[in-house]
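Reading through the structure tokens given below for one structure.
Heavy-atom basis, side chains included; hydrogens, waters and symmetry copies ignored.
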Amino acid sequence: MDAGKLRIGDDWNAIRIIALSQSNPLKAIAEFVENSIDANAKTIVVTRGREQGAHYLSIKDDGDGVPRDDEGLPNFKYVATHICDSIKRRLKADGHGQGLQGEFGIGLLSFWTVGESMTMMSAGADQRAYQMTMSKGDSRYRVTPRRVLFAERGTELKIAPLLEGIRTLSGEKIQWFLASELRDRLRDARVRVTVIDKLARKQYEVEPRAFEGRLLHQLPALRTPFGDVYAELYLAEPAESCRVALTRNGTRVIEDIATLPSLGRPPWSTRWLQGLIDAPFLNLTPGTRSGVIHDERFAALIDALEPIAERVNALIDAQLRAEEEQASQQSLRAIQRAFREALLALPPEEYDWFDVQARAGANRAGRGEAQPTEGADRAGFGEPADLGVAEPTSQAPPQRQFFDYAGPLFGVVVSPAASTVQVGDRRHFRALARDRSRRSVTDDLEFAWDIVEGEGSIESASDQECVFIAPPEPGLTRLRVTVRQREVECSGEALVTVADRLDLSAGPAVVNARGLPGYTFEKAAGALWRSRLDEQRNVIVVNNGHRDFVFATRSRALQLRYLVRLYVKELVLKNFAGNSGEQLLERMVELSLYAEEKLKG
């Protein structure tokens, strides 16, 4: 048997492979900034510009500079001849490298993925400046004195000319990447990083990225045999940009933790979370410094994340239930408004199932307002009211707030907007003037009624309420009212169907004292029913497992229209019981038309 030790067969080829292993030029720039932070810099300036026709990038800091040799000069020779032999790794091994990030000794070679040549400048103990020059694809380096008026503290790294593919790399992109990549390092080191883009003539301050959403407190502690793990998670609105990063000592390693095979599951794969998981004990892949070695340390991290994953999943489920409940309440209010407006537009003797007009009159009386006439109470009302049981009113009316007073005239609604009258019969119509917020307007109004199309006559054409007298022949008549308030003028219309005889099979509307039903969900994926009315609880049970409901959940507007149609179906079946199928379909078409039109408004 033969045994031995591995060795490099071609040192220069190994250096080339290492130098070209960094695929992200922004990551290379972040490594240069990190070197400045490791050198205890408090101010770092990243400059992008053009000099003598060549694009360049420089990183200048006020840190400790390049370590000096025994003669007090910057030890560039050690930097160039000790690749893969990092001083920082030795300091960490001796316990003196607290807070240092580098450990491979290959970060300087990343300039190959940024530009053609690199110049590093630093001062010596003699207060003179020295520089080291290296070129891409060249194994040689050169150290020379640099002529300056006086040597400055720190280090300046200049790369020029830049590669063709990254000349368009703007200062804003560099600023955004550094703010995310070095978020905690910048915040903990309290270092000021400025990006100066001389080509765009702009300057940016690198501020550590602030996460959005609600910070999750009281999460389980993350402890492993190799050290503790820090978790900072935020519950935000779901978006494609929401990701949880994996970091080490404040430097981002992986942008999205869900891309790791062991963590590609909820909650990490959802788009509800922002934040980071910081594990300082992880071993990174030396080439790109953007990967994790899947060893026992990584396995310990995976095990430690299990309790926090269960906790976060429970929080997301609770958030989903709360949002669904809020969305249901908003949908119910929108449905109530739509049906309230639809009942205004339809004949009250057929569709006033919830005694809306009487409640509106009671509300006006409680506020001390004038009561409408008998015909007005029958034909419509001016104040919106909830479709439910009226609240008891006190003897003394409450004082009206500023926002309770109506604004200027904005629109007019005719109640009813659609009705059927027998030939020779009479019907009352009322004009409801409203402001932009749909409050009732009553001051300085002038009314004018006329017939735009069709036959018939009008009584009290200059009042808020008019009486239409049907002609002796059937037909369709279009009424119009014009309301003027000083310089503002609005108009509204109503359609009247003059029929030879009326269908009396429907009978008068039955007032439901319990108001408009609410709705709840019941998942019955294999059932064919879409909804049913539970009269005891006064709710409409919606089958959210039906294929139509699943299709309607593509957008909130489509889901609202679907719920309105289910309401129309259940209300028509309940209030027009005994009618033929043809008549029920006619009523459903009529009610859904006006309800969906008001839903859009």
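We find the NZ-CE distance between Lys569 and Met588 to be 7.5 Å, quoted to the nearest 0.5 Å. Of the inter-residue distances, the one linking Leu563 atom CG with Leu332 atom CG reads 9.5 Å to the nearest 0.5 angstrom. Taking OH of Tyr234 as the reference point, atom CD of Glu212 lies at 11.0 Å (rounded to 0.5 Å). Put simply, CZ on Arg478 and CD on Glu493 are 4.5 Å apart, with the number rounded to the nearest 0.5 Å. A distance of 11.0 Å separates CZ in Phe447 from SG in Cys466, rounded to the nearest 0.5 Å.
Inter-residue side-chain proximity for Ile469 and Glu459 is flagged as met; some heavy-atom pair is nearer than 4.5 Å. Looking at heavy atoms from C-beta onward, Trp176 lies out of side-chain contact with Tyr204 at the 4.5 angstrom threshold. By the 4.5 Å heavy-atom criterion applied to side chains, Thr497 and Ser419 are not counted as neighbours. A 4.5 Å side-chain heavy-atom check between Arg436 and Pro408 finds every atom pair outside the cut-off. Under the 4.5 Å side-chain criterion, counting only non-hydrogen atoms from C-beta, Gln203 is not in contact with Val195.
Between Gly456 and Phe468 the shortest heavy-atom distance is CA-CE1, 3.9 Å. When all heavy atoms are compared, the tightest approach of Ala342 to Leu591 is CB-CD1, 4.5 Å. In this structure, Val423 and Glu473 approach most closely via the heavy-atom pair CG1-C, 3.9 Å. Looking at every heavy atom in both residues, Trp449 comes nearest to Asp463 through NE1-O, 2.8 Å. Here the closest heavy-atom approach between residue Ser241 and residue Arg209 is recorded as O-NH2, 4.4 Å.
When atom types are taken as modelled, the side chain of Ser491 and the backbone of Val481 share no donor-acceptor pair closer than 3.5 angstrom. Put simply, the side chain of Asp425 never gets that close to the backbone of Val421: no donor and acceptor are under 3.5 Å apart. In this structure, Asp256 contributes its side chain and Arg243 its backbone to no donor-acceptor pair below 3.5 Å. With hydrogens and angles disregarded, a donor-acceptor distance shorter than 3.5 Å links the side chain of Asn543 to the backbone of Ala524. Under a 3.5 Å cut-off, the side chain of Gln274 and the backbone N or O of Leu235 do not form any donor-acceptor pair. At least one donor-acceptor pair closer than 3.5 Å links the side chain of Gln464 to the backbone N or O of Ala431. Proximity of a side-chain donor or acceptor of Ser555 to a complementary backbone N or O of Leu558 within less than 3.5 Å is detected. In this structure a side-chain-to-backbone donor-acceptor pair under 3.5 Å is present from Ser170 to Lys173. Checked by atom type and distance alone, the side chain of Ser592 pairs as donor or acceptor with a backbone atom of Val589 at under 3.5 Å.
Each of Glu570, His546, Arg565 was evaluated against Ser531; a single residue qualifies, Glu570, per the side chain to side chain contact (heavy atoms under 4.5 Å, CB included) test. Of the residues listed (Val452, Val414, Ile458), the one engaging Leu479 in a side chain to side chain contact (heavy atoms under 4.5 Å, CB included) is Ile458, and it is the only one.
Note: Phe339 and Tyr567 have tilted aromatic rings, judged against thresholds of 30 and 60 degrees for the angle between ring planes.
In summary, Glu232 and Arg187 engage in a salt bridge, as defined by a charged side-chain N under 4.0 Å from a carboxylate O. Between Asp197 and Lys202 there is no salt bridge, since no side-chain nitrogen of the basic residue lies less than 4.0 Å from a carboxylate oxygen of the acidic one. Note on Arg183 versus Asp188: no salt bridge recorded, every NZ/NE/NH1/NH2 to OD/OE distance being 4.0 Å or above.
Within the 6.0 Å centre-distance limit, the rings of Phe521 and Phe549 are counted as a close aromatic pair.
Donor-acceptor pairing under 3.5 Å is lacking for the side chains of Glu489 and Thr482. No side-chain N or O of Thr553 forms a donor-acceptor pair with one of Gln559 less than 3.5 Å apart.
Residue Arg192 qualifies as open at atom CZ: its count of foreign heavy atoms under 6.0 Å is 12 or below. The number of heavy-atom neighbours closer than 6.0 Å to CD of Gln319, taken from other residues, nucleotides and ligands shown, is above 12. Within a 6.0 Å radius of CD in Glu205, more than 12 heavy atoms belonging to other residues, nucleotides or ligands are found.
With a 6.0 Å cutoff to the six-membered ring centre and a 45° limit on the axis angle, Arg252 counts as a cation-pi contact of Phe177.
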